[in-house]
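Remarks on the structure that follows.
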Amino acid sequence: MEGPLIKRIKLEGGAAAAAGGAGTGHDAQQHHLAEQQQAAPPLADGDPQQSVADAQGQAQPPAGGGGGDPQQQAAQQAGAAPPLPLPVVPDNTYMSREARHIERERGGELEARYIKNDGSIESGRLLIGLKNVFAKCLPNMPKEYICRLIFERRHKSVVIVRNRTQVIGGITYRTFPGTPAARLGEIAFCAVAQTLQVTGYGTRLMNWTKHYAREMDGLEYFLTYADNNAVGYFSKQSFTKTVTLEKDKWFGFIKDYDGGTLMECRIHPTLPYASFPDMLAKQRAALEGEVKRYTTGHVVHPGLPHWKSGGGPLPIEEIPGVLEAGWSHEAGMLHKGYQIAIGGQILDPTEDHLSDFMWHLLRKAQKHADAAPFLAPVSAEDVPDYYTIIIDPMDLGTMEERLASRRYYITLNMFAADFYKMVKNCQLYNGSQNPYFLAAKRLYEAFWSVMRSSILPNLEAAGIVEPKL
Ligand code: ACO
C-alpha cells in the first residue's frame, strides 16, 4: 500500500532526479522559459517524426536496459514514419480546432492512447516517443527524471499519436488507488511537440486525458503544479487556482513543491469530453428546434414580383410573412421614437396622424403668400424650354394628388423630398438670385419651420433630414 509521500524538491540539474518520486519539479523549467524557446531546436519543419528520429539518438533506456531493449527497438520502428505536413488551421477557434482534430481521429490520422508501462513493446515504444516530446518541451527537466516518472508502473499516460507511430504530445499522471486520494490524479508532465503548439492539440489531449482518467481510473479531480507560463493553458482547460477537494484527500499525497501554481480541475462525471462538438451540435439543433416552434424567422418567402410589372408602393401588410411575424399598423407605429404636435394635440405617428400632418403642411404651403407659382405644374406652353431643363418636375398640386392617393407618401421624408425637389427645380431653372427662387426659398423655410416645431422631440429623433438649399 502506498503511503503519503511528502518531499519538497527543487530541481537543479541532476539533483531533481536524485530527489525521486512523482513530483513535477517545474520550477527549474519556469525560470528558463525564454531560453527554452531559443535553446531547444525546433522539430524539423514542424515534423514530429524528427522528434522520433532524435529520440533514437537520445533515447535513454528507461530502467537500465541496453541496446537489445524491446522499447528501444520500438523507438527505432517509430523513426521510419513518413513526414507529415503541418495542420492548416485557418479558423482558429476552440470548437473549429477541436472538430478538425476529431475529423483526423475519424480518418485514422490521429488517435489518443491510454498507456502505462505494462512491459509490452507497444507501450514502450509510445512511452519513449512521449519521453522525447517531454525532453524537448521541458528541456530543464533531466531526462532520467522524465524517464523515471513516465516508466513508473503505477503512472498513466495519455498520448496523441499521428499515423499510429508518431507521438506528438502527452500527459503523464499519477494515481493513488486504495488511499484517501483515490479520486485524485496528479499531472506530472504535459506537453505538445513544439511546432504543433497552439493549434488545439493541447486541448484535445487534455479532453482525452479527462475522459480516460474518469473511465479507466475512476478519477474525479486533477491537481497539478502548473509552470507559471502554462497557467493560461491550464485555466482554459478548466483548471482553477482554488482547490476544492478536501485537504486530507490530497495533501501529503502529491508532491509539495517550490514554484509553479497549484491548480485543480474537477472532472465532470458525465460530460462527453472526447466529443464536445457533437454534443454542442446536438444542443444547438435542439435549441433551434425549440426556437422555431415560437418564431417565424427561419421561414424564407420568395422574392416580391410586385415591381416587375411596375407596381407602385406596396403596403407593408401585403408583403408575405409580415403579418405572420406579428406586425400590425399599431405595432409598426409604436416605438418610432417621435411624436407629432398637431392641432394642439401630441400624437403618435400612426398612418392616419402622419397623413393629417402632411395635409396640414400642404395646406399651409398652398396658403402661403409666395405659393402662387408653385400651386400647379409649370405650363409648357408658357415656358417652352422648361421641360428640357427640368426633367423631374414637382409642384404642390402634384403633391396633393400623391397625398390624396394615401399610398404614396408612406414617410414624412418622402413628402419633404418632393417639396425639396420643387424648390431645387426652381433654383435650377431660374438661378439663385431670381425672384421666383427667393419666393420658393421663403416657402421652403416656412415649410421646415412647421416641421421643426411639430416633430417632437426633434427631427433627428424622427430620422427626418432637412436638406439644405
Ligand atoms: N500560456 C497561456 N495560454 C496558452 C499557453 C500558455 N503557455 N499555451 C496554450 N495556451 C492557450 C492557447 O492560446 C489556447 O487558447 P484559446 O483556446 O483561447 O485559443 C488554449 O490555451 C489551448 O491551446 P492549445 O493549442 O490546445 O494548447 P497547446 O497545443 O499549445 O498545448 C501546452 C499547451 C501543453 C502548454 C504546450 O504549449 C506545451 O507543450 N508547452 C511547453 C511545455 C509546457 O509548458 N508544459 C506545461 C508544463 S506544466 C506541467 O506539465 C504540469
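Note that ligands are numbered from 1 as they come in the structure, with each ligand's atoms numbered from 1 the same way.
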Does ligand 1 have any atom that is closer than 4.0 Å to a heavy atom of Gln194?
no

Pair Tyr173, Asp217: side-chain N/O donor-acceptor within cut-off below 3.5 Å
yes

If you measure from CG on Leu219 to OH on Tyr212, what distance do you get to the nearest 0.5 Å?
14.5 Å

Looking only at distance, does Phe234 have an N or O less than 3.5 Å from an N or O of ligand 1?
no

Would you tell me whether Trp208 and Glu105 have side-chain atoms, one donor and one acceptor, within less than 3.5 Å of each other?
yes

Considering both backbone and side-chain atoms of Cys190, is one of its nitrogen or oxygen atoms within less than 3.5 Å of a nitrogen or oxygen in ligand 1?
yes

Val198 neighbourhood, listing ligand 1 atoms whose heavy-atom distance to it stays under 4.0 Å:
13 (O), 25 (O), 28 (P), 29 (O), 30 (O)

Does only the side chain of Arg204 get under 4.0 Å from ligand 1, or the backbone, or both, or neither? Count heavy atoms.
neither

Is ligand 1 under 4.0 Å from a heavy atom in the side chain of Thr224, in the backbone, in both, or in neither?
side chain

What atoms of ligand 1 come closer than 4.0 angstrom to any heavy atom of Asn229?
1 (N), 6 (C), 7 (N), 44 (O)

Which of the numbered atoms in ligand 1 are below 4.0 angstrom from a heavy atom of Phe189?
50 (O)

Does the ring center of Tyr201 lie less than 6.0 Å from the ring center of His101?
yes

With distance as the sole criterion, is a donor-acceptor pair present between the side chains of Asp418 and Tyr409 under 3.5 Å?
yes

Give the contacting part of Tyr225 toward ligand 1: side chain, backbone, both or neither, where contact means a heavy-atom distance below 4.0 Å.
backbone

Taking 4.0 angstrom as the limit, do Arg164 and Glu111 come out as a salt bridge?
yes

Please work out, at 4.0 Å between heavy atoms, whether the side chain, the backbone, both, or neither of Tyr233 comes within that distance of ligand 1.
both

Just by distance, with hydrogens left out, do Tyr444 and Trp448 show a side-chain donor and acceptor under 3.5 Å apart?
yes

Measure Arg97 to ligand 1 on non-hydrogen atoms and call it side chain, backbone, both or neither using the 4.0 Å cut-off.
side chain

Looking just at side-chain N and O atoms, do Glu264 and Thr244 make a donor-acceptor pair shorter than 3.5 Å?
yes

Numbered atoms of ligand 1 (with element) below 4.0 Å of Gly232, judged on heavy atoms:
2 (C), 3 (N)

Atom indices of ligand 1 within 4.0 angstrom of Lys236 heavy atoms, with elements:
15 (O), 16 (P), 18 (O), 20 (C), 21 (O)

